[in-house]
Student: 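Pasting a structure here, questions to come.
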Amino acid sequence: MILVTGGCGFIGSNFVHLLRRERPDEPVLNLDRLTYAGNLENLLDLEGDAGHRFVRGDVADADLVAGLFARHEIRAVVHFAAESHVDRSLLGPGAFVHSNVAGTQVLLEAARRAWDGGGGRFVMISTDEVYGSLGPAGSFTEDTPLDPSSPYSASKAAADLFCGAYHRTWGLPVIITRCSNNYGPWQFPEKLIPLMIQRASRGESLPVYGDGLHVRDWIHVEDHCRAVLAVLESGAPGRVYNIGGGNERPNLEIVRLILRALDRSEELIAFVADRPGHDRRYAMDSSRIRRELGWEPCVPFEQGIAETIRWYADHRDWWERIISGEYREYYARQYEGR
Ligand code: NAD
Ligand code: TYD
């Protein structure tokens, strides 16, 4: 059985679907706390699937996690659960230390005890943001020193360091993946692409931070999930794998593309105060995973973004329900007076 944490979030739910589709004989135990970002609706189509078992709980709850290892034959962990939004980490960093740092250490400890006699595999889902910011040229390799800018990326870097320590000290078979910015179905509409799709669809202003020329390397979530599966099955313990889409775009280009696709005016763009500590540019060198595991991204950006925009149009009920709840209060706090 594979323990997938955070399997009700954006990337986790896409990964659970991929596993159920491609590895139907491998049962999945999905541990998710169902924070604001976790949504069982993302997995509605798995209702009645005996190969998917959901447990609501906190990865930082040591008794709960130890109990899961005692009751189930967990042969691998794929650890997605985290507080994942930079802007929220500026409003309240404490939750990021709890879920991302303490949560990861609790899981590592439970895995170490359970796999004492050997075996097991622990895949840590990390991010390019642990490397900090790039100038106009170059890209991050797996050897780039960690230099995180935000409380979010600092918490992910700390979790990565715990992974390295458990591998070096106890030989725990941990593998770290660091991926660039994902887009695709089920992404919570606080992140750039779904936020802009959702607001443009409603004819609302689109808040672009600073000059809008910050660059991200966008990858379709399906490509990320296939990379994680490759790492789970063939990655070398102790190794780090960068995963990137090879698709660098300034934010303003993304926003304009969404406006064009939805036939909305560029007058909706509102330049707002920049994010403090805003990383200027991310770019990934993914040659290691391409060379060693034969992975490469398959979804061309133009196709992926068109499908994603269509998906949000077809799932308006899903995001309308989300933005009518706690999200309203968050949006007011984050963007008020900016
Ligand atoms: P998300 O915010 O959409 O989902 C996170 C999930 O984790 C939610 O289902 C939430 O309920 C759950 N969760 C949070 N804290 C928990 C806790 N203490 N215990 C149990 N469950 C908890 O995030 P996402 O965008 O799907 O990201 C998933 C992972 O991928 C994260 O680790 C993130 O750092 C990493 N990542 C994300 C991106 C990206 O572009 N979104 C890029 C690279 C890496
Ligand atoms: P985001 O989706 O939050 O991902 P990350 O900060 O983890 O890369 O943001 C992507 C980029 O878009 C980032 O440069 C910040 C910018 N951005 C805006 O300009 N306006 C917004 O409202 C949001 C949410 C992000």
Side-chain angles (χ1 to χ4, degrees), residues 4-21 28 30-46 52 54 56 59 78-89 95-96 99-100 103 123-129 152-153 155-156 159 177-199 216-229 243-245 247 254 258 282 297 299 301 304-305 307-323 325-327 330-331:
V4 176
T5 71
C8 300
F10 162 47
I11 307 174
S13 62
N14 278 282
F15 184 72
V16 168
H17 278 110
L18 177 72
L19 270 184
R20 295 308 299 140
R21 223 170 38 235
V28 172
N30 177 355
L31 171 63
D32 195 296
R33 190 184 188 179
L34 296 182
T35 67
Y36 77 93
N39 193 339
L40 277 174
E41 275 188 54
N42 303 8
L43 298 163
L44 268 186
D45 57 323
L46 295 184
H52 173 249
F54 170 69
R56 183 172 189 178
V59 288
V78 185
H79 178 35
F80 291 95
E83 289 293 335
S84 68
H85 191 34
V86 172
D87 290 330
R88 286 191 190 246
S89 79
F96 289 71
S99 292
N100 302 4
V123 181
M124 166 71 197
I125 309 299
S126 187
T127 165
D128 56 358
E129 303 193 26
Y152 163 66
S153 50
S155 70
K156 295 295 290 186
T177 62
R178 298 192 177 129
C179 189
S180 62
N181 286 63
N182 285 221
Y183 71 96
W186 309 118
Q187 186 165 29
F188 194 85
E190 65 188 354
K191 305 277 168 61
L192 180 76
I193 288 182
L195 180 103
M196 298 301 171
I197 296 175
Q198 170 253 122
R199 289 187 65 84
R216 298 293 183 263
D217 168 8
W218 294 95
I219 183 170
H220 193 275
V221 65
E222 196 64 27
D223 281 331
H224 180 192
C225 288
R226 283 190 313 98
V228 172
L229 186 57
I243 304 165
N247 177 51
I254 303 278
I258 292 170
Y282 302 142
V299 184
F301 185 67
I305 194 81
E307 283 170 9
T308 302
I309 292 170
R310 213 169 313 127
W311 188 90
Y312 278 86
D314 292 344
H315 292 76
R316 198 166 172 131
D317 283 359
W318 177 80
W319 58 259
E320 291 267 12
R321 265 196 299 282
I322 288 173
I323 64 176
E326 177 267 1
Y327 181 84
Y330 160 75
Y331 194 87

Student: Gln198 vs Ile323, test: side-chain contact (heavy atoms from CB on, under 4.5 Å). Steps then yes/no.
Tutor: CA-CA 9 Å; Gln198 170 253 122; Ile323 64 176; 3.6 Å; yes
Student: To the nearest 0.5 angstrom, please state how far the CD1 atom of Ile305 sits from the CD1 atom of Ile254.
Tutor: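 Interatomic distance, Ile305 CD1 to Ile254 CD1, rounded to 0.5 Å: 6.0 Å.
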Student: Who are the side-chain contact (heavy atoms from CB on, under 4.5 Å) partners of Thr35, not counting sequence neighbours?
Tutor: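 Listed in chain order: Arg33, Ala37, Glu83.
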Student: Could you report the tightest heavy-atom contact between Val123 and Thr177, atom names first, then the distance?
Tutor: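 Answer, listing the atom of Val123 first, then Thr177: CG1-CG2, 4.1 Å.
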Student: Would you confirm whether Asp217, through its side chain, and Asn247, through its main-chain N or O, come within 3.5 Å as a donor-acceptor pair?
Tutor: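 Yes; at least one donor-acceptor contact below 3.5 Å.
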Student: Using side chain to side chain donor-acceptor pair (under 3.5 Å) as the criterion, list what pairs up with Glu41, not counting sequence neighbours.
Tutor: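 So Glu41 forms a side chain to side chain donor-acceptor pair (under 3.5 Å) with Arg321.
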Student: Quick one: CD1 on Ile243 to CD1 on Ile125, what's the gap to the nearest 0.5 Å?
Tutor: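 Rounded to the nearest 0.5 Å, the CD1-CD1 separation comes to 7.0 Å.
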Student: Taking all non-hydrogen atoms of both residues into account, name the closest pair between Thr308 and Gly184 and its distance.
Tutor: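 Nearest heavy atoms, Thr308 then Gly184: OG1-CA, 3.6 Å.
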Student: Heavy atoms only: give me the nearest Gly6-Ala81 pair and the separation to one decimal.
Tutor: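 Closest heavy-atom pair between Gly6 and Ala81: N-CB, 3.5 Å.
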Student: Would the distance check show the side chain of Trp218 and the main-chain N or O of Tyr183 forming a donor-acceptor pair, the cut-off being under 3.5 Å?
Tutor: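 Checked: no pair found.
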Student: What I'd like to find out is whether the side chain of Leu46 reaches to under 4.5 Å of the side chain of Arg20, using heavy atoms alone.
Tutor: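 Yes. Closest side-chain heavy atoms under 4.5 Å.
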Student: Could you check if a side-chain atom of Trp318 sits within less than 4.5 angstrom of a side-chain atom of Trp186, using non-hydrogen atoms only?
Tutor: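 Heavy-atom side-chain distance check passes, below 4.5 Å.
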Student: In Å and rounded to the nearest 0.5 Å, what is the NE2 to OH distance from His85 to Tyr330?
Tutor: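 Going from NE2 on His85 over to OH on Tyr330, the span is 3.0 Å.
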Student: Only counting residues at least two apart or in another chain, list the ones meeting ring pair (Phe, Tyr, Trp, His ring centres under 6.0 Å) with His224.
Tutor: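 So His224 forms no ring pair (Phe, Tyr, Trp, His ring centres under 6.0 Å) with any residue.
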Student: Can you tell me how far the CD1 atom of Ile11 sits from the CD1 atom of Ile219, to the nearest 0.5 Å?
Tutor: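 Rounded to the nearest 0.5 Å, the CD1-CD1 separation comes to 9.5 Å.
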Student: What is the minimum heavy-atom distance between Ser180 and Asp128, and which atoms define it?
Tutor: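 Here Ser180 and Asp128 meet closest at CA-OD2, 3.2 Å.
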Student: With side-chain contact (heavy atoms from CB on, under 4.5 Å) as the criterion, how do Ile322 and Tyr36 come out once you've worked through the C-alpha distance, each side chain's angles and the decisive distance to 0.1 Å?
Tutor: CA-CA 9 Å; Ile322 288 173; Tyr36 77 93; over 6 Å; no
Student: Could you go through the side-chain contact (heavy atoms from CB on, under 4.5 Å) check for Leu229 and Phe15 one step at a time?
Tutor: CA-CA 8 Å; Leu229 186 57; Phe15 184 72; 4.2 Å; yes
Student: What's the separation between atom CG in Leu43 and atom CG in Asn30, rounded to the nearest 0.5 Å?
Tutor: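 Reported to 0.5 Å precision, the distance equals 6.0 Å.
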Student: Is the backbone of Asn42 close enough, under 3.5 Å, to the side chain of Ser13 for a donor and an acceptor to pair up by distance?
Tutor: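 Flag not set: sc Ser13 to bb Asn42 has no pair under 3.5 Å.
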Student: Flag the pair Trp319 / Ile197 as yes when at least one side-chain heavy-atom distance between them is below 4.5 Å, and no otherwise.
Tutor: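 Result no, sub-4.5 Å side-chain heavy-atom pair not found.
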Student: Just do the side-chain contact (heavy atoms from CB on, under 4.5 Å) check on His17 and Cys225 with the steps written out, would you?
Tutor: CA-CA 10 Å; His17 278 110; Cys225 288; over 6 Å; no
Student: Would you name the heavy atoms of Val299 and Asp223 that are closest together and state the gap between them?
Tutor: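 For Val299 versus Asp223, the nearest heavy atoms are N-OD2, 2.9 Å.
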Student: Going by side-chain contact (heavy atoms from CB on, under 4.5 Å), name the residues that satisfy it together with Pro185, two or more places apart in sequence or in a different chain.
Tutor: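 Once residues adjacent in sequence are excluded, the partners of Pro185 under the side-chain contact (heavy atoms from CB on, under 4.5 Å) criterion are Asn14, His220, Val221, Trp311.
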Student: What residues, two or more places apart in sequence or in another chain, satisfy side-chain contact (heavy atoms from CB on, under 4.5 Å) together with Thr127?
Tutor: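 side-chain contact (heavy atoms from CB on, under 4.5 Å) list for Thr127, sorted by chain: Glu129, Val130, Tyr152, Lys156.
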Student: For Gly244 and Pro297, work out which heavy atoms get closest and say how close.
Tutor: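 Taking Gly244 first and Pro297 second, the nearest heavy atoms are O-CG, 4.0 Å.
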Student: What pairs with Leu34 under side-chain contact (heavy atoms from CB on, under 4.5 Å), at least two apart in sequence or on another chain?
Tutor: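 side-chain contact (heavy atoms from CB on, under 4.5 Å) check on Leu34 returns Cys8, Asp32, Leu40, Phe54, Arg56.
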